Structures are given as C-alpha cells and as structure tokens.
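Take a look at the structure set out below.
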Amino acid sequence: MALFESYERRIDKINKVIAEYGFKSIEECKDYCASFGLDPYKTVREIQDIAFENACWAYTVGAAIALKKNCKQADKAAEAIGIGLQAFCIPGSVADQRKVGLGHGNLGGMLLRDETKCFCFLAGHESFAAAEGAIGIARNANKARKTPLRVILNGLGKDAAQIISRINGFTYVQTKYDYYTGELKIVKEIKYSDGERAAVRCYGADDVREGVAIMHHEGVDVSITGNSTNPTRFQHPVAGIYKKECVEQGKKYFSVASGGGTGRTLHPDNMAAGPASYGMTDTLGRMHCDAQFAGSSSVPAHVEMMGFMGMGNNPMVGATVAIAVQVEQALNKK
C-alpha cells in the first residue's frame, strides 16, 4: 500500500536522495527521527491538520537528513530539511523546476537568523493559513534566535484582521493612513491573548498605499505573499512597491511569492496571456520576488497539483521553522 499521494511518481527520486545520507527507506528515516525523540509527522499535522500524507513524510525525511548532517544550528537544519522537501518534488513539475523544496528550506533558515528582524505574511485577506504559519513561527523561532523575530500579518480589510486576531489570540493593530501627508497612524492595539500568539501583530489595510506604509512602519525584511484573494489589487502591488522603495533606500528586502500555477484566480484564458502561461497572478509574483514557490498559500491540494506536497505554503513556513528548532534542540541535548 502506498504511504502517500503520488507515491510511484516520487519514490525513486526520494530513495536516491536518502541513500546519499545512509538511509535505505523512508520508514528508516522515521525511525531515525524517533531515536532522537522527534515526530515531524505529528508536528506537520499540528500546524495544518488538513495537510496531506506526503507533507508529513517529506518533513520526516527532511528532519532525518538534518539530523544525519548533525545540524546543531536551527538555520542550518532548515536548509537541510529543504533537501528532503526537494526530494518530494515530482520530476518535471513546476515545483521541481523552481526548486521549491530548497526554497522553503532557505526561507526557514532566514527566519532563524538574527539578521532577519521582521517577517510578514502579506495576503490579499487575513487568512487562517497565514495564521497557521504565524503560530508555528511564534512558538518556535525565538528558541533558536538571540533577538526575537517580529511576525506580522498584513492584509486587506480591518474587520478581517480583527476577526483573525481574535480567533487566534494575536494583537490586532488598527491603523489610519493620511492620504494628504502620507503618514500612518496607529489608532489602537488590542491583545487577544497573553501568550506567545500575542506577539503576532495583525494589520488590516484599506488599500495598497496603506499596505506599503504598514510594511515600512514594521521594517519588514522578508515576506511571503498569498496568491488567491485580491492578488492584483493588494499583495503583489504592495510587495512590488515596497521592494522598489527599499531599493531606493538601500534597505535589503527579500520577497517570496507563494506561487501560482495553472488555473489560479486569474486564469490565463481570461488575461489573454496564452495557454502556456501560469496566469497573471503568477506573472505578478515574478515581477517582485526573489524566490517563487508553487501553488496556493493555503490549499494543500493546489500545492500538490504543482508537483510539490499537500500543504499550504504559509503553514509550510511554520512547519520548517518548528522542525528545524526541534532538530537543533535534539542534537544539542545528546
């Protein structure tokens, strides 16, 4: 019986990769993780409970590789986990061509290094997938950092931001943008918990200009865009304009587009982009990104369709950070 989705299309490549680290099977990778007290399968499901089986196994393989490489620093562990994730990309797929697995590992590594001060989930709307990713980071990243990583959500709609904040225990930050002076004012902040989740600051913007102002206010160093709701009128324009202004100011900003692919919100047939195009949202992402992922920021099935694994790109960021920290702690305990 196949252990996970598209098993036959993946397993030869996976076996070739794990053999380089002395493993004979993915089951052996699971046992190796267990010998260190780690259960990546469980961690993945805790972060996004609708994740596919292949996501659970991909992180199991990635964690085993990080342990075998003796990655005692979480940022290096994240990069090694990316090797395992890349092994699960179906050969010839969009995900495989874009090296999405390695990209996720490298992104996780950035968030675990102190040079990155602020990370932003930049979405068209405040979503549960962004919240899942933020919670995974808030719980784990600072265990491996000297200075706390600031995590924010920046999306369209103040009501949506407050609802997501209240449900997840984040801090809702209500802003007002002065279109005459270009000044962003903080109207009020509401903490919906006293724990680690309260450190996540959730903003709702009225439009692109306010969204860009929020990015500057928080000094965002790294962000990942969503790619479904409102992509052409919020997250991609915000990331692109902020990138331009950061370049002008000499500030480093690393932009990740969570990707697109065929059949996303703005289908190529509707945009006169031609049948070989990935669609307008995907094209917009390429205009500002330093790295582009494949598939939805939230929906496991769409990421799977792109040849990667069944987990939303936003929760995946949280999973990479969480498991990398677990690897660091396990290796430094022994």
Side-chain angles (χ1 to χ4, degrees), residues 1-72 74-91 95-96 99-109 112 132-133 136-137 139-140 144 300 303-304 307-313 315-331 333-334:
M1 179 178 165
L3 289 173
F4 46 78
E5 297 81 5
S6 299
Y7 183 89
E8 294 79 10
R9 300 173 70 192
R10 303 176 193 269
I11 194 61
D12 289 344
K13 181 181 176 185
I14 295 166
N15 284 337
K16 183 178 179 181
V17 172
I18 63 176
E20 296 174 18
Y21 298 94
F23 297 110
K24 295 177 182 176
S25 68
I26 57 174
E27 292 91 341
E28 189 178 327
C29 291
K30 182 180 181 181
D31 292 340
Y32 190 68
C33 289
S35 72
F36 286 84
L38 300 189
D39 188 354
Y41 188 106
K42 180 182 177 184
T43 300
V44 169
R45 281 284 161 77
E46 286 173 346
I47 290 173
Q48 188 174 39
D49 59 2
I50 60 171
F52 287 15
E53 290 289 320
N54 55 28
C56 300
W57 282 101
Y59 274 102
T60 298
V61 168
I65 291 172
L67 290 165
K68 186 60 74 84
K69 285 169 66 72
N70 199 32
C71 297
K72 292 187 174 182
D75 61 327
K76 298 299 181 185
E79 292 170 359
I81 287 169
I83 297 171
L85 302 185
Q86 186 64 33
F88 273 70
C89 292
I90 294 174
D96 186 44
K99 308 296 182 192
V100 173
L102 296 177
H104 264 287
N106 292 334
L107 174 58
L112 290 160
E132 288 165 335
I137 293 171
R139 281 180 176 164
N140 297 284
V303 183
E304 156 80 19
F308 197 21
M309 60 191 196
M311 190 174 193
N313 277 297
M316 216 182 296
V317 180
T320 303
V321 168
I323 294 168
V325 171
Q326 291 172 6
V327 168
E328 177 186 274
Q329 291 176 332
L331 288 172
K333 192 186 299 180
K334 289 214 166 193

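Since this is a predicted model, take the numbers as computed values, not measurements.
The ring pair (Phe, Tyr, Trp, His ring centres under 6.0 Å) search around F23 returns Y32, not counting sequence neighbours. With sequence neighbours excluded, the residues that form a side chain to side chain donor-acceptor pair (under 3.5 Å) with K13 are D96.
The CD1 atom of I83 sits 8.5 Å away from atom CD of E20, with the distance rounded to the nearest 0.5 Å. Annotation: the span from L107 atom CG to N313 atom CG amounts to 9.5 Å, rounded to 0.5 Å. Rounding to the nearest 0.5 angstrom, the gap separating the CG atom in L67 from the CD atom in Q326 is 10.0 Å. How far CD1 of I81 is from OG1 of T60: 10.5 Å, rounded to the nearest 0.5 Å. In this structure, CG in D39 is found 9.0 Å from SG in C56, a value given to the nearest 0.5 Å.
Only one option out of F4, W57, Y7, F52 pairs with F88 in a ring pair (Phe, Tyr, Trp, His ring centres under 6.0 Å); it is F4. Just one of M316, M311, Q48, E46 meets the side-chain contact (heavy atoms from CB on, under 4.5 Å) condition when paired with E132; it is Q48.
Looking only at side-chain heavy atoms (C-beta outward), I18 and N15 come within less than 4.5 Å of each other. Contact check for L3 versus I26: side-chain heavy atoms found under the 4.5 Å cut-off. Considering only heavy atoms from C-beta on, C29 stays 4.5 Å or farther from K68 through its side chain.
In this pair, H104 and F308 present their aromatic rings parallel. The plane angle is below 30°, not in the 30 to 60° band.
Nearest approach of P40 to A63, heavy atoms of both residues: CG-CB, 3.7 Å. Nearest approach of V44 to A55, heavy atoms of both residues: CG2-O, 4.1 Å. Of all heavy-atom pairs between A74 and L112, the closest is O-CD1, 3.5 Å. What you find for E304 and S6 is that their closest heavy atoms are OE2-OG, 3.3 Å. Contact detail for G109 and D75: the closest heavy-atom pair is O-CB, 3.5 Å. Nearest heavy-atom pair, A87 versus I14, reported as atom, atom and distance to 0.1 Å: O-CG1, 3.4 Å.
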Inset, instruction - Verify salt bridge (Lys or Arg N to Asp or Glu O under 4.0 Å) between E53 and R10, making sure each step is shown before the conclusion. - result: CA-CA 13 Å; E53 290 289 320; R10 303 176 193 269; over 6 Å; no
Inset, instruction - Could you walk me through whether C71 and E79 pass side-chain contact (heavy atoms from CB on, under 4.5 Å), step by step? - result: CA-CA 9 Å; C71 297; E79 292 170 359; over 6 Å; no
Inset, instruction - Give the C-alpha distance, both sets of side-chain angles, the deciding distance and a yes or no for side-chain contact (heavy atoms from CB on, under 4.5 Å) between V17 and I65. - result: CA-CA 9 Å; V17 172; I65 291 172; 4.2 Å; yes
Legend entry - Derivation and outcome, side-chain contact (heavy atoms from CB on, under 4.5 Å), residues I323 and L38: CA-CA 9 Å; I323 294 168; L38 300 189; 5.7 Å; no
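At distances below 3.5 Å, at least one donor-acceptor pair connects side-chain atoms of N54 with backbone N or O atoms of G310.
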